[in-house]
Structure formats: C-alpha cells, structure tokens
2 protein chains.
Amino acid sequence: MATKNKRASKASRNTRDREATKTEILDAAVEEFARNGLANARIEAIAANTGVTKAMIYYYFNNKEGLYEAILKRGFNAYMQPLQELSLETLSPTEALEEFVRCLLSILVRNPNWPLIMCYEALQNQGRYYKRIGINNIDAQLIAILERGVADGSFRPLDPRFTANNIIGICVFYFISRDGMQYLFPGKRMLGKQMLQLHVEQAIALILASV
Amino acid sequence: MATKNKRASKASRNTRDREATKTEILDAAVEEFARNGLANARIEAIAANTGVTKAMIYYYFNNKEGLYEAILKRGFNAYMQPLQELSLETLSPTEALEEFVRCLLSILVRNPNWPLIMCYEALQNQGRYYKRIGINNIDAQLIAILERGVADGSFRPLDPRFTANNIIGICVFYFISRDGMQYLFPGKRMLGKQMLQLHVEQAIALILASV
DNA sequence: GTCTATACGAGGATAGAC
DNA sequence: GTCTATCCTCGTATAGAC
C-alpha cells in the first residue's frame, strides 16, 4: 500500500518540473517537522511520504537544517502575508483587534501544522531559526493595536506586551492541545470544519470580552 | 569546573541514602526532559548534571521511558495536589475561578519546567504517558466552575470546554514562549520574580474580564 | 551498588554508478 | 538528476569487573 502510493506519486512526479518536486518535498516536510520538530524529524520519513528518495532531498536542500529553514521561510511568506496586508489604522481599536484576530485564526485554520512547528521551534531551538526570518513583526502589530486601545480608553489598562502574548496563546493553544482535548469531544474530529469553527468563535468572543 | 561540580556533588551524595540519589537524578531529569522532550533527552546529559553515572540511572530506572514516567508521576502528585485540595463549592463562580487560576499559576511559577514537559508530551507523545496518570481531572474541575457560572448568569454564555482550554492556554503559554518573548523585554529575566508576578497579574485580569 | 568498556541499532550524510 | 550502497557518528542499553 505504501509502496503503491510511492510508485504512483513518483510516476506522476516525473511528468512535472523541478519546482513541483521541491514543493512536494516541502509539503511532506511540513507534516514531519510538525509532528516531531527539527531534532527528531526523519529525512527517511519525509522521503517515504513522497516519490522522492532520501538522496534527492539532500541534493535539493543540502541537509536537514536547510530543509527546515526552507519550510519556515515558505510558511512565513505564504501564510503570514495576509496579516501584514491588513490596513488597520483607519479602524477603531476594537474593530482592528477583531479584524486582526480573525485573520490570524483563518490562517491557522488553513494551516493547522503551523502552530506545532512554531511551538517546537520555541521549545527545541529557542526561536533561533525564527529570528532569521523576522516573525517578530506579528507581535508588534498586535501590540500597537492594544496600545492604541488603552490610550483612547476603549480597552482596560492592560499591559500590551503580556496581553499580546496571551492573545496569541489563545489562538494557538487549541492546535497544540488538540490530541489532549480529544477526550472532551468523543467522536469529533478536532481539525474538522465544525470544531475549528467553534474554536474561532469561542476564541474571538473570549478575546474581545477580555480587553 | 564541570568536573569540580561533579565531584562535589558525588562526595556529598555518598553520605546520603538511596532515595536522595534517586531524587537528585529526578531533578536533573526534569530539566533535561523540559528542554528536549522524551525523544530527544539524553541520559548522558542527565548523568553529567549529577554525580551519578549513566549506568546508575539505568540501574535505578531501567530505561529512559521508566525515568520519564517517574518524573511525570512525581510531578503530578507533588505539583497538582494543591488544585485538588481546593474547596470551591462554597464560593461564587467568579471567586472560584479566581481561586483556581491563582492556585494553578502559583504551581506553574514554582515549577516553570512543568509547562514545557506538558507541551512536549502533547506534541511528541499525544499525551500517551499523561493519561496513565490522570491529569484529566484538572480540566474537569475548571469546566465545572465555568458551567456553574453560565448557569447562574455570572458568566456570559460561553462554551465551558473550549473556554477551559483557552484559560489553561493563557496560564501556560507564557512559559512556552518565554525565549521568544525575551526580545520584548530586553534585560529582564523572564523567569525572575518581577516578570512572573506580572504574568500572574495580567493573566488573572484577562481571564476574569473574559468570562 | 558502582564503575568502565562495549555491543548494537538508528539515522544523517555521501560516494559513485548510471 | 536520480538511485543504491555504504560510511560514520551518536546514543541506548548491557556485560562484567570490583
């Protein structure tokens, strides 16, 4: 069965170009790094989930670290761009906060592996690889909204930096704890459309009430 | 220097008993498992941080998994007991919530490695070892408080299970993201008394406002 | 009980044929 | 560019002396 998939994948891949092969590797790598983190991810496992051999992965990405940096870079560019394209200055702090959180959550819902990779990155690598890419901007955006809201009195006198971190934690923690939460929702798929929709609603309601 | 510490530790250990040696190993193991998780923790690193040899660790705990289960068990018993000893039934939902969260946070502040171990456990092992111990009770306690508050109208019509998870996420996420947050607080020690005190205040204020 | 030395497997990385 | 075979390092676990 695994062999069959491998062959099928390989056959179709041969008709495609170099970039398609790299994309195929990156997609499988995201899964593997999300499950195991940089230190424990297995190149062989990634190869097994594509039609590509282990040697090919080294050919394209040099080493495990190179592959890891490639998925971080692609993830950051593709996934986080929507946040930076928001124009929040014209909105009230409350509206801006809702808009920002809604956008962040919709990114996470479409890329549920991203929080796991970010979490592993924080724990195993202390955000080493992260900083080379510049994820910091995201906190800065949220902090700015909170500062504006405190200044004009629409939010309570909260600390913007701690609160920004808490808000991101709320959005992200559902994905990290999904396996542990499973026993609270027997028979439900935690990454199914219904549960994700509930998480988004509940998180936004909690965040807007909290400020 | 490392050798000196090792010798000093060893010398003093020899005067103590078997249980003291096991405790010394467990303390070092907590550090190592918090940094690296079960899969990536190194028995040799644990040995290096005690006066105990690698072989001794195997002698006392059989294998890496045995050592891991021992720290989970000890951590759960010693650290989580205060939560179960709370008598919250006589308090109003709001008071009970504050009491519960304050107790949880004071446990985390005294054991800042615990959230990291819990997080690794969720990511790497999908909470496999967890469940053998019975950590589930903690969520159940919090969910009960939230249900009571919704029923008597002191809380908004929130979903108790999602909200319980979000609340725990707020308490825990600070510890997970501490290295990433460092750049927001240059010169501060994220696990210092001052910063931890701020986290506790900010988290409680946010949680109480949010329900 | 405690140490040293080592067997053994896993996995990252490369050499070299095609 | 792609594959197979292999090298080498590292880390778990144990054997066996004391």
Side-chain angles (χ1 to χ4, degrees), chain A residues 2-3 5-26 28-29 31-33 35-71 120 124-125 129, chain B residues 2-3 5-26 28-29 31-33 35-71 120 124-125 129:
Chain A
T3 314
N5 281 340
K6 192 172 170 179
R7 292 222 181 114
S9 175
K10 183 179 172 182
S12 56
R13 194 176 42 73
N14 278 339
T15 65
R16 289 189 244 129
D17 62 334
R18 182 188 170 95
E19 281 311 307
T21 303
K22 287 182 81 166
T23 301
E24 195 186 357
I25 295 171
L26 286 171
E31 293 277 342
E32 179 68 8
F33 283 122
R35 288 217 177 283
N36 303 303
L38 171 59
N40 224 245
R42 298 292 167 243
I43 297 284
E44 205 153 27
I46 295 169
N49 285 325
T50 63
V52 177
T53 60
K54 196 166 61 163
M56 266 295 93
I57 295 177
Y58 283 98
Y59 173 75
Y60 278 122
F61 296 98
N62 248 334
N63 52 32
K64 190 159 77 163
E65 207 177 89
L67 180 56
Y68 184 64
E69 287 183 359
I71 67 144
Y120 266 121
Q124 287 192 327
N125 314 323
Y129 296 90
Chain B
T3 315
N5 281 341
K6 193 172 171 180
R7 291 221 181 114
S9 174
K10 183 179 174 182
S12 57
R13 193 175 44 73
N14 278 340
T15 65
R16 290 189 242 128
D17 62 335
R18 181 188 171 95
E19 282 310 307
T21 304
K22 287 182 80 166
T23 301
E24 195 186 357
I25 294 170
L26 286 171
E31 294 276 343
E32 178 68 8
F33 283 123
R35 288 217 177 284
N36 303 303
L38 171 58
N40 222 243
R42 297 295 166 239
I43 298 283
E44 204 152 27
I46 296 169
N49 286 325
T50 64
V52 177
T53 59
K54 200 166 59 163
M56 267 295 93
I57 295 176
Y58 283 99
Y59 174 73
Y60 278 121
F61 296 98
N62 250 331
N63 52 33
K64 191 158 80 164
E65 206 176 272
L67 179 55
Y68 184 65
E69 285 183 359
I71 67 145
Y120 266 121
Q124 287 193 326
N125 315 322
Y129 297 91

Within this structure, what is the OH-to-P distance between A:Y59 and C:dA15, rounded to whole angstrom?
15 Å
Could you list the residues that satisfy side-chain hydrogen bond (donor to acceptor under 3.5 Å, both in side chains) with A:E44, not counting sequence neighbours?
none
When all nucleic acid strands are considered with a 4.0 Å heavy-atom cut-off, which category describes B:A41: base, sugar-phosphate, or nothing?
sugar-phosphate
Please report, rounded to the nearest Å, how far the C1' atom of C:dG12 is from the OH atom of A:Y68.
17 Å
What's the CZ-P distance between A:F61 and D:dT2, to the nearest Å?
12 Å
For A:E65, what residues pass the salt bridge (Lys or Arg N to Asp or Glu O under 4.0 Å) criterion, not counting sequence neighbours?
none
Anything under 3.5 Å between a protein N or O and an N or O of nucleotides 13-17 of chain D, put it in a table, one pair a line.
unit_1: D:dA13; atom_1: OP2; unit_2: B:Y58; atom_2: OH; d: 3.3
unit_1: D:dA13; atom_1: OP2; unit_2: B:K64; atom_2: N; d: 3.0
unit_1: D:dA13; atom_1: N6; unit_2: B:K54; atom_2: NZ; d: 3.2

Using a cut-off of strictly less than 4.0 Å, decide whether B:T53 has a side-chain nitrogen or oxygen near OP1 or OP2 of C:dC3.
yes
Partners passing side chain to side chain contact (heavy atoms under 4.5 Å, CB included) against B:K22 (at least two apart in sequence or in another chain)
B:E19, B:Y60, B:F61
With a cut-off of less than 4.0 Å, is there a side-chain N or O of B:R42 near OP1 or OP2 of D:dC10?
no
Output all residues satisfying side-chain hydrogen bond (donor to acceptor under 3.5 Å, both in side chains) with A:N36, sequence neighbours left out; order by chain, then residue number.
A:E32
If I take atom CG in residue B:N36 and atom P in nucleotide D:dC10, what distance separates them, rounded to the nearest angstrom?
16 Å
Euclidean distance, atom CG of residue B:N40 to atom P of D:dG11 [Å, nearest integer]
9 Å
Taking B:K64 for the side chain and B:L38 for the main chain, is one N or O donor matched with an acceptor at less than 3.5 Å?
yes
Please report, rounded to the nearest Å, how far the P atom of C:dG11 is from the CD1 atom of A:I46.
13 Å
For A:Y129, enumerate each residue passing the ring-ring contact (aromatic ring centres under 6.0 Å, His included) test, keeping only those at least two apart in sequence or located in another chain.
A:Y68
Give the angle between the helix axes at the two ends of the helix from C:dG1-D:dC18 to C:dC18-D:dG1, taking five base pairs at each end and rounding to 10°.
10°
By the 4.0 Å heavy-atom rule, please label B:Y60 as base, sugar-phosphate, or nothing.
sugar-phosphate
Tell me, with the steps shown, if B:N40 and B:Y120 meet side-chain contact (heavy atoms from CB on, under 4.5 Å).
CA-CA 10 Å; B:N40 222 243; B:Y120 266 121; over 6 Å; no
I'd like to check the side chain to side chain contact (heavy atoms under 4.5 Å, CB included) partners of A:Y59; sequence neighbours left out, ordered by chain and number.
A:R18, A:M56
Report the distance from atom CD1 of B:I57 to atom C1' of D:dT12, rounded to the nearest whole Å.
12 Å
Salt bridge (Lys or Arg N to Asp or Glu O under 4.0 Å) against B:E31, all qualifying residues, sequence neighbours excluded:
none
Protein-nucleotide distance (A:M56, atom CE; D:dG1, atom P), rounded to Å:
9 Å
